[in-house]
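Following: one structure in structure tokens, then a few remarks.
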Amino acid sequence: MTRVLVLPGDGIGPEVIREAVEVLARVAPDVETETGLIGGAALDETDVPLPPDTLERAHACGVVLLGAVGGPRWDGLEQDRKPERGLLGLRKELELYANLRPAPVIPALADASPLRPECVEGVDLIVVRELTGGIYYGEPRGRDEVGGVRRAFNTMVYTEPEVRRIARVAFETAGRRRKKVTNVHKANVLDVSAFWNEIVEDVAPEFPDVTLEHQLVDSMAMVLLRDAASFDTVLCPNLFGDIISDEAAMITGSLGMLPSASVGDGGRGLFEPVHGSAPDIAGRDAANPLATILSVAMLLEHALERPDAAARVRAAVDAVLADGWRTADLARGDEKPIGTREMGERVRAALGGS
Ligand code: IPM
Ligand code: MG
């Protein structure tokens, strides 16, 4: 029996999670869920952002659905106690090294993009971001004082096995799509990037039907705006992937629409919307629950191996959008937005009986 650990977290997290969990119950009534604490919510109750109990249950379930973490209330805490540490700890402890962030332009929402329609037509890319290494976790990190001068430092470090396994995920992903990997790097300056590129080049021949190209990260930020449709699978180290995936999300015009899957070996996975905790609109029934609902679709597909149920969820979301229903983030002109709750209800209605 599969159990899913649900971690609502902070800000709009609990609101969007509620809608998504009800969708999961509709399409997979046999899947049991249990709820735990993470982020600021965990700090408030237990004084740590990732309580041992949450970690233990995450290991036991292997599959986690998460809302969002963070908020201004906890911003003043020292680095190691911030809500974000809870998420980073969970990714690391479960060894969820591959973060998949699909960013397709949804035809019904094409006019939500800040770019001209001709720049977004046909955009359908996926960012494959390395998630448990690089500068996010590298040692040494911290602060010290040298000769009376204060300083702070992080380390961008990758081992060969870390690069190999994420490169393979990217090539496998591209193999199921349009068969092109764009590797994002900064090898003109960083030793770690030059090394990363060598390993990626070395893995490439294992996937002869996939084309590999390289793109400097600064140039990538630019070309993505000009010609996003030319990209298929975008392979990034942790930090570049964090940045490029937000840019890709904005191009589609719908940060509130984008799901993500963080997966490791052996079927483990963490599924969460790409957007954050949006504390400014928390508790006001104003958040878009579709990114979390679509994260449930990724969970069904990647962790539970139920592609049919995943397809049903995606079709229901498409149907609701095609009918013109919009949350505030998506509404344009005189479109009247609906709330979080109503959007969830409309998706469940579009699912019909199970
Ligand atoms: C993301 C977020 C996280 C990250 C934060 C909340 C730690 O920005 O998932 O992209 O930087 O990885
Ligand atoms: Mg980010």
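As the structure lists them, so they are numbered: ligands from 1, and atoms in each ligand from 1. If you're wondering where the values come from, they're calculated on a predicted model, not measured in any experiment. All values below come from the heavy atoms of this structure, side chains included, with hydrogens, waters and symmetry mates left out.
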Exercise. With side chains defined as the heavy atoms from C-beta onward, is the minimum distance between T340 and T327 less than 4.5 Å?
Worked result: no

Exercise. For ligand 1, which atoms sit closer than 4.0 Å to a heavy atom of Y136?
Worked result: 4 (C), 11 (O), 12 (O)

Problem set entry | Of all N/O/S atoms in D242, the name of the one nearest the Mg ion (ligand 2) | OD1

For this session: Among all protein heavy atoms, pick the one closest to atom 1 (C) of ligand 1 and tell me residue, atom and distance.
Result: R101 NH2, 3.3 Å

Exercise. Between R91 and S262, does any side-chain donor sit less than 3.5 Å from a side-chain acceptor?
Worked result: no

For this session: Using a 4.0 Å heavy-atom cut-off, say whether R91 meets ligand 1 through its side chain, its backbone, both or neither.
Result: side chain

Exercise. If you measure from the Lys or Arg side-chain nitrogens to the Asp or Glu carboxylate oxygens, is any gap between R314 and D318 under 4.0 Å?
Worked result: no

Seminar exercise, completed: Within 4.0 Å of some non-hydrogen atom of E84, the atoms of ligand 1 are 6 (C), 7 (C)

Problem set entry | Under-4.0 Å heavy-atom contact with ligand 1, by part of R129 that carries it | side chain

For this session: Give a yes or no on whether a salt bridge exists between R168 and E172, defined as a side-chain N under 4.0 angstrom from a carboxylate O.
Result: no

For this session: Evaluate the side-chain proximity of L125 to L224: yes if any heavy-atom separation is below 4.5 Å, no if none is.
Result: yes

For this session: Report the part of H275 in contact with ligand 1, treating N, CA, C, O as backbone and CB onward as side chain, heavy atoms under 4.0 Å; options are side chain, backbone, both, neither.
Result: neither

Problem set entry | Charged N-O contact under 4.0 Å between E342 and R346 | yes

For this session: Check whether any N or O atom of D242, backbone or side chain, sits under 3.5 Å from an N or O atom of ligand 1, and answer yes or no.
Result: yes

